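Working notes for the structure below.
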There are 2 protein chains.
Amino acid sequence: MKNEALLKASCPIARSLGLVGDSWTLMILRDAFSGLTRFDEFQKSCNIAPNILSRRLKEMVGHGLLERVSYCSAPPRHEYRLTDKSGELRPIVLALAAWGNRHCVDGQPKMQLVDTLTGREVTAIMVDKETGQPLTVDRYQMVPGPAAGALLRYRHDYIRRKRAGQTPTRFSPPGAD
Amino acid sequence: MKNEALLKASCPIARSLGLVGDSWTLMILRDAFSGLTRFDEFQKSCNIAPNILSRRLKEMVGHGLLERVSYCSAPPRHEYRLTDKSGELRPIVLALAAWGNRHCVDGQPKMQLVDTLTGREVTAIMVDKETGQPLTVDRYQMVPGPAAGALLRYRHDYIRRKRAGQTPTRFSPPGAD
DNA sequence: CAGTATCCTGTCCGATACTG
DNA sequence: CAGTATCGGACAGGATACTG
């Protein structure tokens, strides 16, 4: 899937994936969340080729996921810092780690989320900020917003008909969206 | 990054990315979460080439993310259903959508998470299941677990020294992990 | 409909060498 | 250290045609 195509998509998930739907990017963010900031730290921790890392870091800076900050003038040295934008991805990456521990690891976990105040291992869940309720399928759903395009609306309608049991003719959304 | 390499990695995030660190996979899951189940539904909704979709669906079934269920015998027809494993990714994908709405969309949101009981738009946050506290950086952190390998431990130690101000020699972890 | 089979192209990536 | 430059191979992805 082309990155640029995703970035222009109408669905917010698709657009997000255009920015962070790449394994290297997420691996770099993982390291940044744990405190790494420098080129060779990322390179060795991720075990990524320097040219690839260079390209990725530039893209991420360009997308506002990292900030390139000089911390030494002679010789010139930079570090890559998280931004507010990428900082907000931290819970998502943590959730992915927890999911991986449950489903992709055999035996004991290799990394785990803890409450540093108590040392207790933490189970993270997503909740409605207002009510504190977990985001169950029956109650919480994505629906087309005010700016939704034709494809999004069509899909939502189609699914409602499908759920109602009237499996409709077939899925034939209007042109591009 | 090779998928197989990620799947064998020691870090749970890397392993998760080996399964779902691909844009098409996440796009298909997005559609599955919203209720689509059939080949042509995915194909048209994602606008993905049929051969690619076919490959992806097989991989996902092989990885336990989807289940292929026959719902009609003549002619033979199948649908792809979410599993428990992939169902647990739903909050993560929702969180990604919310992040995308905040940071990757200009103007009004195209899709939004609502409480279907009230119609109110929902802000989703990750919390500690026990305490209900949001996962702030200062209090909640990933640490090496009982089965952590050498690289994971080295990185964690290195970062602690780095945080303590004693920026140590440099990042040179032990060999593979 | 629900896919499979081919072919072709782009590009992502890894390896390596080089530089201020 | 913190990158850049170059090169070749593997593979993902798009288009298209075909089938039960």
Side-chain angles (χ1 to χ4, degrees), chain A residues 1-6 14 17-18 21-28 31 36-62 66 68-81 158 162 167-173 176, chain B residues 1-6 14 17-18 20-28 31 36-61 66 68-81 158 162 167-173 176:
Chain A
M1 174 81 137
K2 302 279 269 230
N3 244 346
E4 15 174 296
L6 282 173
L17 291 175
D22 164 80
S23 293
W24 281 135
T25 301
L26 269 321
M27 292 288 279
I28 293 168
D31 283 348
L36 302 185
T37 58
R38 292 172 21 190
F39 192 90
D40 83 311
E41 291 172 345
F42 292 126
Q43 193 198 327
K44 287 170 187 153
S45 174
C46 291
N47 201 26
I48 181 177
N51 52 347
I52 305 296
L53 177 58
S54 178
R55 185 196 304 168
R56 276 287 175 288
L57 288 175
K58 269 178 203 147
E59 286 173 11
M60 293 171 72
V61 169
L66 292 175
R68 191 169 189 255
V69 180
S70 162
Y71 69 93
C72 175
S73 49
R77 290 284 181 269
H78 310 89
E79 60 182 4
Y80 297 89
R81 293 206 197 133
Y158 174 88
K162 184 173 174 177
T167 307
T169 58
R170 60 171 166 147
F171 191 71
S172 47
Chain B
M1 172 83 135
K2 303 275 274 223
N3 244 346
E4 15 176 296
L6 282 172
L17 291 175
V20 298
D22 163 81
S23 293
W24 281 133
T25 302
L26 268 321
M27 293 287 280
I28 293 168
D31 283 349
L36 301 186
T37 59
R38 294 172 20 191
F39 193 91
D40 83 311
E41 290 172 345
F42 292 126
Q43 193 198 327
K44 288 171 187 152
S45 174
C46 291
N47 201 25
I48 182 178
N51 52 345
I52 305 294
L53 177 59
S54 177
R55 186 196 301 168
R56 276 287 176 288
L57 288 175
K58 270 179 203 147
E59 286 174 11
M60 294 171 72
V61 169
L66 292 175
R68 190 169 190 255
V69 180
S70 161
Y71 69 92
C72 174
S73 49
R77 290 285 181 268
H78 309 89
E79 59 181 5
Y80 297 89
R81 294 204 196 134
Y158 175 88
K162 184 173 174 178
T167 306
T169 58
R170 60 171 166 145
F171 190 71
S172 47

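Quick caveat, the model's predicted, so the values are computed rather than measured. Letters go in sequence order (proteins before strands), and every chain restarts at 1.
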Would one find a side-chain N or O of A/Y71 under 4.0 angstrom from OP1 or OP2 of D/dA2?
-> yes
Could you write out DNA chain D as a dot-bracket string, with dots for unpaired bases, | for bases paired across to another strand, and Watson-Crick or G-U pairs counted at under 3.5 Å?
-> ||||||||||||||||||||
Within the structure shown, what part of the strands sits under 4.0 Å from A/Y80 by heavy-atom distance: base, sugar-phosphate, or nothing?
-> sugar-phosphate
So A/E59 and A/D22, side chain to side chain contact (heavy atoms under 4.5 Å, CB included) or not? Walk me through it.
-> CA-CA 12 Å; A/E59 286 173 11; A/D22 164 80; over 6 Å; no
Tell me, for nucleotides 5-20 of chain D in 5' to 3' order, what letter each nucleotide earns: B for a base near a protein heavy atom under 4.0 Å, S for only sugar-phosphate near one, - for neither?
-> BB-----SBBBB----
Which atom of B/N47 lies closest to which atom of B/W24, heavy atoms considered = O-CH2, 4.1 Å
Rounded interatomic separation in angstrom, taking CG from B/D40 and P from C/dG3 = 9 Å
Rounded to whole angstrom units, what separation is found between the CG atom of B/L57 and the P atom of C/dG3?
-> 7 Å
CG/B/N51: more than 12 non-hydrogen atoms of other groups inside 6.0 Å = yes
Whole-Å distance separating the CG atom of B/L66 from the P atom of C/dG3 | 12 Å
Between atom CG of B/L17 and atom CE of A/M27, what is the distance when rounded to the nearest 0.5 Å?
-> 7.0 Å
Identify whether any heavy atom of B/K58 sits under 4.0 Å from a base atom; if not, whether one sits that close to sugar-phosphate; answer base, sugar-phosphate or nothing.
-> sugar-phosphate
Once you round it to whole Å, what is the distance between P of D/dG3 and CZ of A/F39?
-> 6 Å
Given side chain to side chain contact (heavy atoms under 4.5 Å, CB included), test B/E41 with B/D31 step by step and report yes or no.
-> CA-CA 9 Å; B/E41 290 172 345; B/D31 283 349; over 6 Å; no
Between P of D/dA2 and CD of A/E79, the distance in whole Å = 10 Å
Taken to the nearest 0.5 Å, the spacing of A/I28 CD1 from A/S45 OG works out to 10.0 Å
Side-chain heavy atoms of B/Y80 within contact of B/V61, under 4.5 Å | yes
B/L53 CG - C/dA2 P separation (whole Å) = 11 Å
Evaluate side chain to side chain contact (heavy atoms under 4.5 Å, CB included) for B/Y71 paired with B/R38, printing each intermediate quantity in order.
-> CA-CA 11 Å; B/Y71 69 92; B/R38 294 172 20 191; 3.4 Å; yes
Which atom pair, heavy atoms only, marks the closest approach of A/L53 to A/F39?
-> CD2-O, 3.3 Å
To the nearest angstrom, the CZ-P distance between A/F171 and C/dA2 comes to 13 Å
